[in-house]
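Here is the structure we will look at.
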Amino acid sequence: MAERTLFHRIRDREIPAAIVFEDDEVLAFKDIHPKAPTHLLFIAKKDADFVPSIDDLTEATAQVPGLLIRKAQQFARAHGIDGYQLKFHVGKGGGQEVFYLHLHFLSEQALKE
Ligand code: 5GP
């Protein structure tokens with residue numbers, strides 16, 4: 001089994017996080033060092049969907065980035081956010097620090113609590 005990362009521990013509630021969305025497939029929480037008024041991280045929850053990085057995608061996990069993007073889009077619509085950026089950092093050279101695939105969601109619009 002792959003090494004458990006920080007985001008496994010957030011997913012499994014071993015480390016607290018400000019969770020803003022969860023369903024059977026995806027968890028979204030606030031980035032602890034936000035780079036925009038709204039800065040969220042979307043991860044896939046299921047072990048079968050686990051992939052460390054975009055660079056590690058296989059046929060079996062190729063749908064995961066689309067799943068995260070779709071949930072981010074639905075989240076934005078549900079919260080009236082009409083402009084945002086979606087980013088994947090890929091590899092250490094791409095600024096990736098946590099090797100549990102995650103989608104950064106950044107917006108200049110603040111999330112209404
Ligand atoms: P990466 O650079 O790997 O794409 O992004 C990892 C992100 O996780 C960073 O933006 C960083 O601020 C965030 N982060 C690191 N540690 C924690 C933590 O303990 N809790 C939360 N919520 N975010 C974290």
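Remember, it's a predicted structure, so these values are computed and weren't measured experimentally. Just so you know, ligand 1 is whichever comes first in the structure, and atom 1 is the first atom listed for that ligand.
- For ligand 1, the protein residues placed under 4.0 Å by at least one non-hydrogen atom are L6, F7, I10, F29, K30, D31, I32, H33, L41, H89, G95, Q96, E97, V98, H102, H104.
- Annotation: the span from H102 atom NE2 to Q96 atom CD amounts to 5.5 Å, rounded to 0.5 Å.
- Partners of I32 according to the side chain to side chain contact (heavy atoms under 4.5 Å, CB included) rule, which considers only residues two or more places apart in sequence or in another chain, do not exist here.
- By the ring pair (Phe, Tyr, Trp, His ring centres under 6.0 Å) test, Y84 pairs with F105, sequence neighbours left out.
- Looking at heavy atoms from C-beta onward, E22 lies in side-chain contact with K45 at the 4.5 angstrom threshold.
- In this structure, S107 contributes its side chain and G83 its backbone to a donor-acceptor pair below 3.5 Å.
- The side-chain hydrogen bond (donor to acceptor under 3.5 Å, both in side chains) check on D12 picks up R4, with sequence neighbours excluded.
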